[in-house]
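Remember, it's a predicted structure, so these values are computed and weren't measured experimentally.
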2 protein chains.
Amino acid sequence: MKAMTIGKLSKATGVGTETIRYYERNGFLPAPERLPSGYRVYSSDAAKRLKFIKEAQALGFTLSEISELFALTDDPGADCADVNARAAAKLTEIDEKIERLTRMRESLDRLSRYCPADEHPITECSIINHLYGKAGFDA
Amino acid sequence: MKAMTIGKLSKATGVGTETIRYYERNGFLPAPERLPSGYRVYSSDAAKRLKFIKEAQALGFTLSEISELFALTDDPGADCADVNARAAAKLTEIDEKIERLTRMRESLDRLSRYCPADEHPITECSIINHLYGKAGFDA
DNA sequence: CTTGACCCTGTAGTTACCTACAAGGTGTAG
DNA sequence: CTACACCTTGTAGGTAACTACAGGGTCAAG
Ligand SMILES: [Zn+2]
Ligand SMILES: [Zn+2]
Ligand SMILES: [Zn+2]
Ligand SMILES: [Zn+2]
């Protein structure tokens, strides 16, 4: 548990100092001890918590969902089933996003294939005409 | 070209009146004629333009990209190749998003499979331990 | 003792896209 | 005439997660 100021913690974790203070202000990171000067002093627990946040963000969790995960880890009654439920919900959410993007991709791709990317005047462009709602190219 | 006030246009297109005024303020929709009372009067061109915006949004274009598309349709020198370049860039962007989400999905899914969703104490949960950076479950 | 890196608070800006009033004027049906 | 729906402007809020100062105080090296 070596003590460090906010700059050290920032370098140790790759999270900017402004972001660390932001997390504290918004309750994502507990308020640390202070030196007489007012400087924040962190233990390595803070680094672990920041690592947790970064990992969870990389998995698609929002900060408020991450707060709930922290609350869960502090709840003596919580168990694997609780955590798994959050993970399953997030998985579904990610799947929905992927599906939406895939549909989007397919529509755009179909339109692109109708547009030969040549030098036809733009008034004849199938992409533009589709956007204007003109019939003939349903994507 | 039947004339209509903002409320009619809103109902005809499904775009809220506040949103229509927002589009005008921000240059996504041209300023319409006004009645002596100050009421905005739209022709069906406005409805087409709103339809264009909605369709393009559904394909993943942002409002400022949509503005560029409009600028293109007004440019006598523009052709299909210009439009196709935007479409191709957007397609790449969508593909990147899908890839990122897919990687996220795989990581989370792998973690979930390690977590049997039973009543183990949370300190033994592989998901939580992964987030805390503890070894043993690399996702 | 000075310099420069570091830290503090508080406030406000960013991106993208709306959404919600407040306070007032207009149009029309009964 | 009187409701009542509709329209106007301007300003401000809301989401998510930061990011950027300004204006000051602190600490350590040389
Ligand atoms: Zn063409
Ligand atoms: Zn084309
Ligand atoms: Zn378990
Ligand atoms: Zn578990």
Side-chain angles (χ1 to χ4, degrees), chain A residues 3-29 31-43 46 49-70 90 93-94 97 100-101 104, chain B residues 3-29 31-43 46 49-70 90 93-94 97 100-101 104:
Chain A
M4 47 190 157
T5 55
I6 198 168
K8 303 283 168 54
L9 179 62
S10 173
K11 263 171 200 150
T13 58
V15 179
T17 61
E18 305 271 20
T19 305
I20 293 170
R21 282 191 280 257
Y22 165 81
Y23 285 168
E24 180 184 333
R25 267 202 310 286
N26 292 279
F28 304 124
L29 207 54
E33 300 290 309
R34 299 287 186 124
L35 291 180
S37 61
Y39 284 22
R40 288 169 179 81
V41 196
Y42 295 97
S43 76
R49 200 155 166 126
L50 284 177
K51 186 166 172 47
F52 188 112
I53 291 172
K54 282 179 60 176
E55 292 281 344
Q57 280 185 325
L59 291 175
F61 288 94
T62 65
L63 286 175
S64 71
E65 287 163 346
I66 293 166
S67 288
E68 289 171 23
L69 289 176
F70 278 128
K90 182 55 65 179
E93 219 179 274
I94 293 172
K97 276 186 197 166
R100 249 181 289 126
L101 283 168
M104 205 180 260
Chain B
M4 49 190 156
T5 56
I6 198 169
K8 303 283 167 56
L9 180 62
S10 173
K11 262 170 201 153
T13 60
V15 178
T17 61
E18 305 271 20
T19 304
I20 293 170
R21 282 191 281 256
Y22 165 81
Y23 286 167
E24 179 184 333
R25 266 202 310 286
N26 292 279
F28 304 124
L29 207 55
E33 301 289 310
R34 300 287 186 124
L35 291 180
S37 60
Y39 284 23
R40 289 169 177 83
V41 197
Y42 296 96
S43 75
R49 200 156 168 125
L50 285 177
K51 185 165 172 48
F52 187 113
I53 292 173
K54 284 178 60 176
E55 293 281 345
Q57 281 185 325
L59 292 175
F61 289 95
T62 66
L63 285 175
S64 71
E65 288 162 345
I66 293 166
S67 290
E68 290 171 24
L69 289 177
F70 277 128
K90 182 54 66 179
E93 219 178 273
I94 293 172
K97 276 186 198 167
R100 251 181 286 126
L101 283 168
M104 204 180 262

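Nucleic acid contact class of B:Leu63 (heavy atoms, under 4.0 Å, all strands): sugar-phosphate only.
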Output, in order, the C-alpha distance, side-chain angles, deciding distance and verdict of side chain to side chain contact (heavy atoms under 4.5 Å, CB included) for A:Arg40 and A:Arg21. CA-CA 10 Å; A:Arg40 288 169 179 81; A:Arg21 282 191 280 257; 3.5 Å; yes
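Side-chain atoms of A:Ile6 lie closest to C:dC7 of the nucleotides C:dC6, D:dC7, C:dC7. With distances taken from any side-chain atom of B:Arg25 to the nucleotides C:dT19, C:dT9, D:dC18, the minimum falls on C:dT19. In the set C:dC18, D:dC18, C:dT9, C:dC18 carries the atom at the smallest distance from any side-chain atom of B:Gln57. Candidate nucleotides C:dG27, D:dC27, C:dT11 were compared by shortest atom distance to the side chain of A:Ser37, and D:dC27 ranks first. Side chain of B:Tyr22, nearest nucleotide from D:dC18, C:dC6, C:dC17: C:dC17.
The cationic atom of B:Lys90 (NZ for Lys, CZ for Arg) lies less than 6.0 Å from the six-membered ring centre of B:Phe61 and within 45° of the ring axis.
In this structure, A:Ile20 places its CD1 atom 10 Å from P of C:dC8, rounding to the nearest Å. Atom pair B:Tyr39:OH and D:dT9:C1' shows a separation of 13 Å (rounding to whole Å applied). Rounded to whole angstrom, the span from the CE atom of A:Met4 across to the C1' atom of C:dC7 amounts to 16 Å. Rounded to whole Å, the distance from NZ on A:Lys54 to C1' on D:dC18 is 15 Å. B:Tyr42 places its OH atom 12 Å from the C1' atom of D:dT8, with the value rounded to the nearest Å.
The side chain of B:Arg21 contributes no N or O atom lying less than 4.0 Å from OP1 or OP2 of D:dT11. Checking the phosphate oxygens (OP1, OP2) of C:dT9, a side-chain nitrogen or oxygen of A:Arg34 falls inside 4.0 Å. In this structure, B:Tyr23 does not reach the C:dC17 phosphate: none of its side-chain N or O atoms is under 4.0 Å from OP1 or OP2. Distances shown here put a side-chain N or O of A:Arg40 below 4.0 Å from the OP1 or OP2 atom of C:dC8. Neither OP1 nor OP2 of D:dC6 sits under 4.0 Å from any side-chain N or O of B:Thr17.
Ring geometry, B:Tyr22 versus B:Phe28: the interplanar angle falls from 30° to 60°, so the pair is classed tilted.
Residue side chain A:Glu18 reaches the base of D:dC21 through a donor-acceptor N/O pair under 3.5 Å, judged by distance alone.
B:Lys97 is not listed as a side-chain neighbour of A:Met104, based on a closest heavy-atom distance of 4.5 Å or more.
In this structure, the side chain of A:Ser43 does not engage the main chain of A:Ala3 through any donor-acceptor pair within 3.5 Å.
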